[in-house]
Amino acid sequence: MKLFSSFVKELTLATRSFYFYIEIFFAVVLLAVVLFAIPEQIRAVQTQLLHLDLPQPAADRLTADLLEEDLDGQWQTVVLESGGQAFDTKLIETETARVYIVDSADAVRALADTQRNIGMVLSLDDAGQLHYTYYLQGYESQRLQNLLSVIPGASLDGVAEKIADLPVEQLAPDQVLLNDRENVIPTLIAFNSSFMGMFIMAAYVFLDKKEGVINAYAVTASSVARYLLSKILVVLLTATVSGLIVTVPVFGFQINYGLVLLLLLVSGFFASVLGLLIASFYADITKAFGTVFVVLILLMLPVIAYFLPGWNPWWIRIIPSDLVIWSFREILIEDGKTGFVLMVSAGLLVAGCGLFALADHRYRKTLSVS
Amino acid sequence: MIHVSGLYHSYSQDDRYAVKDVSFDVPKGEVFGFLGPSGAGKSTTQGILTGLLKLQQGDVTVAGYPVKSMKNEMFNRIGVSFEQSNVYSKLTARENLAFYRQLFDVPTRDPLELIRQVGLGGKENLKVGTFSKGMKHRLTFARSMINNPELWFLDEPTTGLDPAIAANIKDIIKAQNEKGTTVFLTTHNMFIADELCHRVAFIVDGEIKLIDSPKNLKLQYGEKVVTVEYLADGRPQTETLSTVQAEDKARLQAILGTYEIMTMHTKEATLEEIFITVTGRGLT
Ligand SMILES: Nc1ncnc2c1ncn2[C@@H]1O[C@H](COP(=O)(O)OP(=O)(O)O)[C@@H](O)[C@H]1O
Ligand SMILES: [Mg+2]
């Protein structure tokens with residue numbers, strides 16, 4: 001009852017402050033960006049560069065085989081540029097791949113470099129066996145690299161299909177299941193809904209600190225913990241609402257919203273308690289700004305790692321936002337690992353409770369007489 | 001209602017004490033005044049008694065609860081008004097009180113009635129952010145009695161209020177005390193203290209110099225001051241002198257022997273004058 005009336009009061013206060021609307025506003029803006037600015041490009045269509053370093057008859061046959069898979073049965077002549085050099089290429093477009101056939105291995109190397117695509121050179125070795133040389137970008141997973149090393153067959157037969165199919169197989173299960181638009185969602189939710197909570201909470205606390213109202217709370221038959229909890233509930237409410245604003249229009253009702261809610265709530269709890277704790281050390285928002293900023297940057301690093309598959313140092317893995325982002329991903333993809341989501345949720349809950357006990361202690365300790 | 005003995009408090013956790021060896025008892029039904037200049041340690045003492053500040057050293061029992069193991073429930077019986085008003089400026093006066101009353105488990109008073117009582121009638125639906133300092137202070141005061149406290153802590157309830165409003169607040173405190181509320185009143189306003197308090201403690205630099213009733217203090221110090229008006233070099237002069245202190249007595253004799261006396265009468269000392277006599281310090 002006391003918690004409920006405190007919650008209602010905090011919500012009233014929140015709706016009369018500007019921060020409450022920031023989060024909702026951001027969610028709407030992000031949704032607009034996701035829906036209108038990020039194309040729903042299917043990742044499965046992968047571009048690759050190919051040079052056939054084979055005797056002419058073999059090269060012709062392979063090209064013909066590839067052409068059979070082409071959508072209109074014909075290649076297009078396309079000029080690609082790299083480092084000021086122009087290369088004539090034959091573009092073959094299949095349902096799953098865009099393959100540029102180029103004239104030399106050097107061209108493959110140069111183009112792979114500037115176009116950021118996988119390059120491949122097919123040649124015959126001394127024993128007359130097919131030999132594959134890949135030019136990778138350095139960020140391909142070990143899994144993909146292993147896959148590439150087992151693909152090559154011994155004969156020319158079926159090589160064309162393999163080349164055409166390669167990208168599909170390459171984008172192994174955990175890579176291919178979200179389109180570009182869906183792929184950015186985990187980071188957006190993790191930030192707007194959860195970790196913004198830290199900032200918003202700190203802002204609420206500083207509004208209260210300016211007025212000294214926590215002292216008034218401390219001399220009632222209700223506890224400081226309840227006061228803190230009522231604030232957390234308000235942040236959780238906005239986190240949930242803004243989280244759903246972004247997810248529902250993009251995913252409809254195809255995902256498990258029980259898990260979405262769980263993760264929004266536990267991550268929002270963790271983040272808001274973190275905000276409480278940070279705010280307890282500073283008198284006003286200007287003094288806290290440095291710390292809040294550093295923590296926000298730290299929490300942002302996993303987003304960079306998420307979009308840069310090649311950069312993934314171990315310490316990123318222990319930043320809570322990294323776990324949240326990857327858990328959201330598991331919820332969004334088909335057959336995601338529910339166990340992982342539950343484990344991360346439990347971890348955030350436990351960590352959040354620990355921080356809450358600490359924050360409660362801090363707030364009691366910093367009560368004052370003036 | 002309140003028992004304090006050997007209370008010390010240092011904000012810097014060393015031997016620079018804001019409150020030093022303070023001891024006193026407040027029986028049920030009394031208005032106990034804590035008087036002293038700014039910085040004397042009054043608010044610090046109230047802070048410890050109300051659990052806002054951690055008890056560092058000493059023995060403190062409030063309304064039967066040792067403050068070391070204070071429970072939230074105890075605040076059902078206690079009201080606290082703060083020196084610095086602390087109300088939500090984004091809520092209206094009424095919302096502030098309506099929310100606050102929910103935090104108690106005992107019958108509470110009607111917000112509107114309280115708002116009217118402290119002279120803020122008609123302002124109940126205004127956001128407190130639009131209030132003046134004095135109005136916020138009155139709302140903080142009104143809030144402190146919303147749970148019909150048995151024990152009422154008031155930190156400078158009349159400071160910064162104009163005299164008419166201060167008199168109104170004083171009357172409210174008096175009426176509340178007549179209904180049985182014990183009051184711990186912190187102030188540096190000696191007139192309010194004089195009228196309200198059954199007993200007062202003089203506190204300076206964190207130490208209690210004296211505890212007695214205003215009546216006793218006046219009996220003890222009151223008749224022993226003489227105000228003498230005399231002509232010195234043709235110009236009128238006034239001096240107030242003690243009739244007990246050797247130095248003052250000598251001065252009085254010198255005046256009588258040297259100048260032409262115009263008027264001379266003994267006077268009941270004000271609490272403020274007694275404070276100065278006892279502590280050697282003014283109140284501001
Ligand atoms: N939060 C605080 N931190 C450090 N010193 C304080 C704090 N609050 C009060 N003091 C110091 O303690 C002494 C007593 O202050 P206070 O109890 O507020 O006096 P009063 O209420 O009698 O004016 C003063 O010297 C004051 O500067
Ligand atoms: Mg004070």
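Quick note on labels: first sequence line is chain A, next is B, and so on, each numbered from 1. In this text, all values refer to a predicted model and were calculated from it rather than measured experimentally.
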Per-residue tally against chain A (heavy atom, under 4.5 Å) across B/Asn72, B/Leu91, B/Ile78, B/Asp105 peaks at B/Asn72

Partners of B/Phe202 by ring pair (Phe, Tyr, Trp, His ring centres under 6.0 Å), sequence neighbours excluded?
-> B/Phe275

With only heavy atoms counted, which part of B/Ser85 is less than 4.5 Å from chain A, the side chain, the backbone, both or neither?
-> backbone

With a 4.5 angstrom heavy-atom cut-off, could you sort out which part of B/Tyr100 is near chain A: side chain, backbone, both or neither?
-> side chain

Residue B/Lys127 versus chain A: region with a heavy atom under 4.5 Å = side chain

Measuring heavy-atom distances to chain A, does B/Arg143 have an atom under 4.5 Å in its side chain, in its backbone, in both, or in neither?
-> side chain

Greater than 12 external heavy atoms within 6.0 Å of B/Tyr11's OH = yes

Atom NZ of B/Lys20: over 12 foreign heavy atoms under 6.0 Å = no

Which pair of heavy atoms, one from A/Tyr217 and one from B/Leu103, lies closest together, and at what distance?
-> OH-CD2, 3.6 Å

Hey, does B/Lys90 have a side-chain heavy atom less than 4.5 Å from the side chain of A/Leu13?
-> yes

Counting only heavy atoms not in A/Phe4, do more than 12 fall under 6.0 Å of its CZ?
-> no

Nearest heavy-atom contact between B/Phe82 and A/Asn215 is CZ-O, 3.4 Å

Rounded to the nearest 0.5 Å, what separation is found between the OG atom of A/Ser223 and the CD atom of B/Glu73?
-> 9.5 Å

Decide, yes or no, whether a salt bridge links A/Arg16 with B/Glu95 under the criterion of side-chain N to carboxylate O below 4.0 Å.
-> yes

Worked check of side-chain contact (heavy atoms from CB on, under 4.5 Å) between A/Lys365 and B/Lys54 = CA-CA 8 Å; A/Lys365 220 180 106 177; B/Lys54 198 169 145 55; 5.7 Å; no

In terms of heavy-atom contacts, A/Ala221 and B/Asn76 come closest through CB-OD1, 3.2 Å

Taking the side chain from B/Gln102 and the backbone from A/Ser6, do they hold a donor-acceptor pair closer than 3.5 Å?
-> no

Exercise: identify the closest heavy-atom pair between A/Val219 and B/Phe75 = O-CD2, 3.3 Å

What is the minimum heavy-atom distance between B/Tyr88 and A/Lys9, and which atoms define it?
-> OH-NZ, 2.7 Å

Which bit of B/Leu53 comes within less than 4.5 Å of chain A, counting heavy atoms only: side chain, backbone, both or neither?
-> side chain

Over 12 foreign heavy atoms within 6.0 Å of CZ, A/Phe7 | yes

